[in-house]
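In what follows, chains carry the letters A, B, and so on, assigned in the order in which the sequence lines appear, proteins first and then strands, with residues in each chain numbered from 1.
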Number of protein chains: 2
Amino acid sequence: MRVLVVEDDLPLRRIISKILEEEKYQVDQAENGEEGYLLATLNEYDLITLDIMLPIMDGYTVMKKLRDKGCQTPTLFLTAKDRIEDKVHGLDLGADDYIVKPFATEEFLARVRSLLRRAGKIGKEGKITYGPILLDTNQHEGFINGDALKLTIKEYELLYYLIQNKEQILTKDQFFQRVWGLESETTDAIVELYIHYLRKKLAPFNFDGVIRTVRGVGYMLKE
Amino acid sequence: MRVLVVEDDLPLRRIISKILEEEKYQVDQAENGEEGYLLATLNEYDLITLDIMLPIMDGYTVMKKLRDKGCQTPTLFLTAKDRIEDKVHGLDLGADDYIVKPFATEEFLARVRSLLRRAGKIGKEGKITYGPILLDTNQHEGFINGDALKLTIKEYELLYYLIQNKEQILTKDQFFQRVWGLESETTDAIVELYIHYLRKKLAPFNFDGVIRTVRGVGYMLKE
DNA sequence: AGGCAATCTTAGAATTTTCTTAGAAAAGCT
DNA sequence: AGCTTTTCTAAGAAAATTCTAAGATTGCCT
């Protein structure tokens, strides 16, 4: 699950990112409206948290420009206590929500989850499957017929991405960008290794074959 | 599917190429109008993305010269500002679509797909067929009655090109330029070999006959 | 029919891509 | 701090693809 955090205040941005990362969200950060807008157009996020007071371009403008472009990413606005009154009520509360700074961690996370659920990004039960493979998004764990696969975070995310795009080829680079992110020091050769790890954990159930190699292109989940 | 990206701004050119490559398009890049024009005349592309502001020769001129030569390749114009006169001018010259920078990845890809679809280069669901032969662009695989042909990339692209131009003769040189590209070290004799490989994979289904040799000219898909 | 050129076929060499292994580095936990 | 788990680096093995080369076959022309 990818989140973009647009916030100019460095300590707060770090805290928010940390909170989200601890919840296993993959976080990108922007420190002003323009950067936020750029990142949001270049990448596809599941959620954006957007400060309203921002240098260069304020949160409302970023939002408006994104919506004009057809971007429907659910957005959580952050606003200072003394400024709630103005435009907040004009928001489309179906796709958006707002939270007043300072806020409690749990409230923040609850709103994030709620937005994601409303947008259909996570199911109520938080489970996705492919054949007998089941991923529980709450536990961050995978199962086959009830047996836990004991996946690490990276393995889990790789498998998640595979299931999300079942029966479609994903390139190594796509995996890399999605699971490791652009700032990573590593090369996308790491993907091969993790595909290998995944197959190894699927092998005892005779399911290592579902991850197919498409030579010269990438990998896919099939049959 | 071959795309030519003509764009002088290096980061943007890289981003566009990357986006396209992730979608399994084969991308060539040109950094100015002259280079773009040259590449477009030397190779046969399925699509050109053409920046308007370019060094040496601007996008309009490139476009005009190509159309004058009879080149009908669908072209997507990129323009920095939403200036209506740009749009009108471009469309006058035969541009097929036009997108304003900066743009969202998905919008860009949607336009690319839509152009290719309009030009009949891809079917709606990413599948093209000839008789019982089916190519699935999502899987990069060919099928006959549901049986996979296990094509390599080169074989797939050759067959793809054949189906795209079914019942029309293509010269070895056309295959060579299209599948191997200009930078290739090989000679176009390699085409014979790959036609052979393809026939071999089609033979079990009694379909090796559909690839006909037209002596002294080339090959075609027929009956 | 014979000869010539184009095409087909085969085999294996060269290259590229992917897999596997092992261990080092980093991060997390108690 | 010390132990455990996870992540990453590196390099060689294995596998698949791509290409070279050469001889066989086919069709066309005189």
Side-chain angles (χ1 to χ4, degrees), chain A residues 17-18 21-24 26 140-142 148-160 162 169-203 208-220, chain B residues 21 24 26 140-142 148-160 162 169-176 178-204 208-220:
Chain A
S17 302
K18 187 108 202 249
E21 273 160 4
E22 268 168 24
E23 289 296 306
K24 316 293 187 305
Q26 193 193 329
H140 268 247
E141 181 56 294
L149 292 170
K150 305 235 175 115
L151 303 174
T152 69
I153 296 169
K154 288 276 192 288
E155 290 165 356
Y156 171 86
E157 294 190 339
L158 210 66
L159 186 51
Y160 189 92
L162 273 167
I169 302 176
L170 295 166
T171 65
K172 270 183 280 194
D173 209 62
Q174 282 178 297
F175 285 109
F176 185 62
Q177 287 198 17
R178 163 77 183 225
V179 178
W180 280 264
L182 282 174
E183 322 93 44
S184 171
E185 304 283 305
T186 333
T187 71
D188 63 5
I190 193 79
V191 176
E192 294 170 22
L193 184 58
Y194 271 81
I195 289 285
H196 174 66
Y197 290 161
L198 264 185
R199 283 180 174 149
K200 222 164 166 181
K201 293 199 174 172
L202 291 170
D208 49 331
V210 291
I211 303 178
R212 289 205 201 165
T213 303
V214 183
R215 201 158 233 267
V217 192
Y219 300 93
M220 74 190 286
Chain B
E21 273 160 4
K24 331 277 188 319
Q26 192 192 330
H140 262 238
E141 182 58 294
L149 292 171
K150 305 239 175 107
L151 304 174
T152 69
I153 297 176
K154 288 276 193 288
E155 291 165 355
Y156 172 85
E157 297 195 334
L158 210 66
L159 185 52
Y160 195 100
L162 273 167
I169 301 175
L170 295 165
T171 66
K172 268 184 282 192
D173 206 60
Q174 282 178 300
F175 283 110
F176 185 62
R178 160 74 179 234
V179 177
W180 279 264
L182 280 177
E183 327 88 44
S184 172
E185 305 281 305
T186 334
T187 70
D188 63 4
I190 194 78
V191 176
E192 294 170 21
L193 183 58
Y194 271 81
I195 288 286
H196 172 65
Y197 289 160
L198 264 185
R199 283 178 174 150
K200 220 163 166 182
K201 293 198 174 171
L202 291 170
D208 49 331
V210 290
I211 302 178
R212 292 205 197 165
T213 303
V214 184
R215 199 158 234 268
V217 192
Y219 301 92
M220 74 190 288

Dump every N/O contact between nucleotides 7-9 of chain D and the protein below 3.5 Å, one line per pair.
unit_1: D:dT7; atom_1: OP1; unit_2: A:Lys154; atom_2: N; d: 3.4
unit_1: D:dT7; atom_1: OP2; unit_2: A:Thr152; atom_2: OG1; d: 2.4
unit_1: D:dT7; atom_1: O5'; unit_2: A:Tyr194; atom_2: OH; d: 3.4
unit_1: D:dC8; atom_1: OP2; unit_2: A:Trp180; atom_2: NE1; d: 2.6
unit_1: D:dC8; atom_1: N4; unit_2: A:Tyr197; atom_2: OH; d: 2.5

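- Not counting sequence neighbours, B:Asp208 has no partner by the side-chain hydrogen bond (donor to acceptor under 3.5 Å, both in side chains) test.
- Annotation for B:Ile195 and B:Leu158: closest pair N-CD2, 3.9 Å, computed over non-hydrogen atoms.
- When rounded to the nearest whole Å, the span between CG of A:Leu198 and C1' of D:dT6 equals 14 Å.
- Distance CD (A:Glu157) to C1' (D:dT6): 13 Å, rounded to an integer number of Å.
- Under the 30°/60° scheme for interplanar angles, the aromatic rings of B:Phe175 and B:Tyr219 are found to stand perpendicular.
- Residues in residues 189-199 of chain B take part in these side chain to side chain donor-acceptor pair (under 3.5 Å) pairs, two or more places apart or across chains: B:Lys172-B:Glu192, B:Arg199-B:Thr213.
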Using a cutoff of under 3.5 Å, can you pull out all pairs of nitrogen or oxygen atoms linking the protein to nucleotides 23-30 of chain D, with atom names and distances?
unit_1: D:dT26; atom_1: O2; unit_2: B:Arg215; atom_2: NH2; d: 3.0

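- Partners of A:Glu155 by salt bridge (Lys or Arg N to Asp or Glu O under 4.0 Å), not counting sequence neighbours, listed by chain and number: A:Lys201.
- Spacing between atom CG of B:Asp188 and atom P of D:dC19 amounts to 13 Å, rounded to whole angstrom units.
- Contact footprint of chain B on DNA chain C: nucleotides with an atom under 4.0 Å from a non-hydrogen protein atom, first to last in 5' to 3' order, C:dA6 to C:dT10.
- Counting to the nearest Å, the C1' atom of D:dT18 and the CZ atom of B:Phe176 are 13 Å from each other.
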